[in-house]
A.B. asks: 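What follows is a single structure, and I will ask about it in a moment.
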Amino acid sequence: MQPRWPSSAPAPQSTSTLPPWTLRPRTRLAAWLRDPEAPKVIHGFKAALKALTARGLELEGVVDDTSISGYLIQPDRRTYELAELAQHHLNVGIPAATAKAGQLELSFDGDDNAAADALVQAAAVVLALSRFFEDELRERRAEELLSTLELPVSRVLADMELAGIAIDMDKMDDQLADLARVIDQAQEQAFAAIGHEVNLGSPKQLQTVLFDELQLPKTKKIKSGYTTDAASLKSLLEKTGHEFLVQLMAHREAAKLRQMIESLKKSVAEDGRIHTTYAQNVAATGRISSNNPNLQNIPIRSEEGRRVRGIFVVSDGYECLLSADYSQIEMRIMAHLSGDAGLIQAYKDGEDLHRFVGSNIFHVPTDQVTSAMRSKVKAMSYGLAYGLTSFGLSKQLEISVDEARTLMKDYFDRFGAVRDYLRGVVDQARVDGYTATIEGRRRYLPDLTSTDRQLRENAERIALNSPIQGSAADIIKRAMLGVHAELQAQGLKSRMLLQVHDELVLEVAAGERDSVEKLVTGQMAAAADLSVPLEVQIGVGPSWYDAGH
DNA sequence: CCCGATCTATG
DNA sequence: CACATAGATCGGGT
């Protein structure tokens, strides 16, 4: 009996990013856990025990029903460990597993019994191995984060995945038909503009058309020549007014939307709903990611794209969809973390932050801040949390580097605490080797001391951003726990469906609208105790489009 | 059939 | 020469 990690194996490396392995699908896992008659558990577990023993691994502690499920619902830990297993090229004894180099995949395409068995076996493996990682968990001071935040959130996510969101198939088909018309026409006119056909979806062929045939001015260089991205096409159009560009851009946008809707259509389950899968262990900052399909990047910025949100609808028995989002949460976190008195007061006073900042750095009264000034300020304020450079700002705003530099200087002259904070974060991270969020979630950044300038500066920008983005992730996770618990406590039938980083989408049961609105606002606002208030905006409507604000 | 490159959607 | 993601398509290489 060898309960130790194989001595030949290298020690697990501490990495800043948790590996992207997921034990899927959580929807079935959640359903299985809720299944009152799940006697197959015991059978599968015994088989797992045997498989483990055969490989010289030992299970410690209580190995009854309770402790099995206890580990089954620890996806963060579970996936981390399975990934480690893969790194060590160990066969975990799961029949459906295929272990390539550096990769381990669990497949549950069989019947439910097989799926359950595989899950239980995976759980047994995790149970056997979890203690190898307890040291690292302790080292990272992450026990509380895991037990009070991530694990409870995991259960909430399981509910959300299982619920899914209803889809209006007719509306979907209408939009597809509309887009097909736009695409056909744009393609036809694009071909007419250059006198021949070309694959509009091939950047390489487009390069030939734009820069060889049409002799348009050169755009930004990329590995394969010159870029044909949207920003460049737009600037080319402004310079040349060429009809081909108009049609190409129209084609790109419509084709992209059609593709997205087609893909969403394929994701609609038997129940007429889309069930995404959330991952807690992919984004290094602590954000949740969504895949299969990704419901966190449904268009909103252009009106054409935004209409896609109209296909996400409220279902029978419910009154409406409700969208609740944090207003400027990252800026507020920056105000809080930096302790900048001016910013904090502005938020406390409920001012329009960008207008307020604009008035300060342009030295005009707030009512004389033009929309051009405001949008510059907005771009800069957001950029600060990304490690903005004057060059980057100049490109973003299409202004000179000098103007951008002046803008930043004026900002820091007025809000010095922000500059000090940003500088301090990087210095501290260099000393500690990691950054931390308000909940203590760490991101290790070994590259901060690299001699490679590119690597080091990348790490520095990551160090600036991670506490901010990560703290926002912490906060909305706390809010989700609060909303989930409070819905239950008040015996409401409304339910959370989606999370989009700073937004929650709920399906409101008949007659519950007022209480849900109050509850969600309250829980989101109270999810963290910052030196600035957390404001929550609410919208309701029959579809996600209508609930937007 | 895999994978890097390119492009684009979101916060 | 901005932070964090997911994913489609193209086209060259295995």
Side-chain angles (χ1 to χ4, degrees), chain A residues 16-17 20 100 103 198-207 219-233 248-249 252-264 266-267 276-279 281-302 304-306 308-309 325-331 334 379-397 401 404 408 422 425 435 443 445 453-454 457-470 472-473 476 498-504 548:
Chain A
S16 55
T17 322
K100 294 189 213 171
Q103 186 179 356
V198 62
N199 183 350
L200 296 174
S202 168
K204 199 174 176 200
Q205 293 182 38
L206 289 174
Q207 282 179 29
T219 55
K220 194 177 68 180
K221 248 190 155 17
I222 53 176
K223 289 187 183 178
S224 66
Y226 299 96
T227 181
T228 67
D229 66 18
S232 304
L233 294 183
L248 173 57
M249 290 163 73
R252 271 240 180 106
E253 175 169 36
K256 187 78 206 262
L257 288 176
R258 174 170 68 178
Q259 169 272 116
M260 175 173 268
I261 297 174
E262 284 290 0
S263 144
L264 286 172
K266 293 193 186 86
S267 300
T276 186
T277 303
Y278 290 106
N281 55 350
V282 170
T285 52
R287 272 192 175 180
I288 288 165
S289 76
S290 155
N291 63 69
N292 273 305
N294 183 358
L295 295 187
Q296 290 179 325
N297 70 344
I298 304 300
I300 191 169
R301 292 174 193 173
S302 81
E304 296 74 33
R306 189 174 195 152
V308 175
R309 295 184 171 224
D325 65 65
Y326 283 117
S327 160
Q328 300 177 345
I329 187 166
E330 294 196 2
M331 283 297 301
M334 196 152 75
M380 178 165 54
S381 295
Y382 278 108
L384 287 176
Y386 302 152
L388 184 81
T389 59
S390 45
F391 180 84
L393 184 63
S394 71
K395 206 174 50 154
Q396 170 85 27
L397 295 178
V401 178
M408 288 179 71
L422 293 172
V425 162
T435 62
R443 182 169 185 183
L445 296 167
R453 202 183 83 169
Q454 170 86 37
E457 290 181 347
N458 274 345
E460 287 171 356
R461 287 192 300 273
I462 293 170
L464 288 184
N465 180 256
S466 293
I468 299 172
Q469 187 183 122
I476 195 164
L498 305 178
Q499 191 257 37
V500 193
H501 310 306
D502 66 354
E503 174 189 15
L504 296 176

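In what follows, chains carry the letters A, B, and so on, assigned in the order in which the sequence lines appear, proteins first and then strands, with residues in each chain numbered from 1.
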A.B. asks: Just call it for A/S466: base, sugar-phosphate, or nothing, with non-hydrogen atoms closer than 4.0 Å on any strand.
C.D. replies: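 Touches nothing.
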A.B. asks: Answer yes when A/E304 and A/R252 have at least one side-chain N-carboxylate O distance shorter than 4.0 Å, and no when they do not.
C.D. replies: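 The answer is no: the pair does not qualify as a salt bridge.
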A.B. asks: With no angle test and no hydrogens, is the base of C/dA2 tied to the side chain of A/Q396 by a donor-acceptor pair under 3.5 Å?
C.D. replies: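 In this structure, the two groups form a donor-acceptor pair.
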A.B. asks: Which part of the nucleic acid, if any, lies within contact of A/G201, taking any heavy atom under 4.0 Å across all strands shown: a base, the sugar-phosphate backbone alone, or nothing?
C.D. replies: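 Sugar-phosphate, no base atom in range.
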A.B. asks: Where the side chain of A/I222 is defined as all heavy atoms beyond and including C-beta, which of B/dT10, B/dT6, B/dT8 is the nearest nucleotide?
C.D. replies: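 In terms of side-chain proximity for A/I222, the closest of B/dT10, B/dT6, B/dT8 is B/dT6.
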A.B. asks: Using side-chain heavy atoms (C-beta onward) and a distance below 4.5 Å, is A/L264 in contact with A/I298?
C.D. replies: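 In contact.
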A.B. asks: Assign A/K256 to base, sugar-phosphate, or nothing according to its heavy-atom contacts below 4.0 angstrom with the strands shown.
C.D. replies: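 Base: the residue A/K256, judged by heavy atoms under 4.0 Å, touches a nucleobase.
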A.B. asks: Take atom C1' in C/dA2 and the same atom in B/dG4, then report the distance between them in whole Å.
C.D. replies: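 Comparing C1' positions in C/dA2 and B/dG4 gives a spacing of 23 Å.
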A.B. asks: Start with the C-alpha distance between A/E330 and A/R287, add both sets of side-chain angles, then the distance that settles salt bridge (charged side-chain N to carboxylate O under 4.0 Å, His left out), and finish with yes or no.
C.D. replies: CA-CA 13 Å; A/E330 294 196 2; A/R287 272 192 175 180; 3.6 Å; yes
A.B. asks: Have a look at A/I462 and say if it touches a base, only the backbone sugar-phosphate, or nothing, with a 4.0 Å heavy-atom cut-off.
C.D. replies: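 The answer is sugar-phosphate, as A/I462 gets under 4.0 Å only of primed atoms, P, OP1 or OP2.
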A.B. asks: Does any N or O donor sit under 3.5 Å from an N or O acceptor when you compare the side chain of A/N297 with the base of B/dA9?
C.D. replies: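 Present.
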A.B. asks: Taking the minimum atom-to-atom distance to the side chain of A/Q259, which one of B/dA9, C/dA2, C/dT9 wins?
C.D. replies: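 Within the option list, the nearest is C/dT9.
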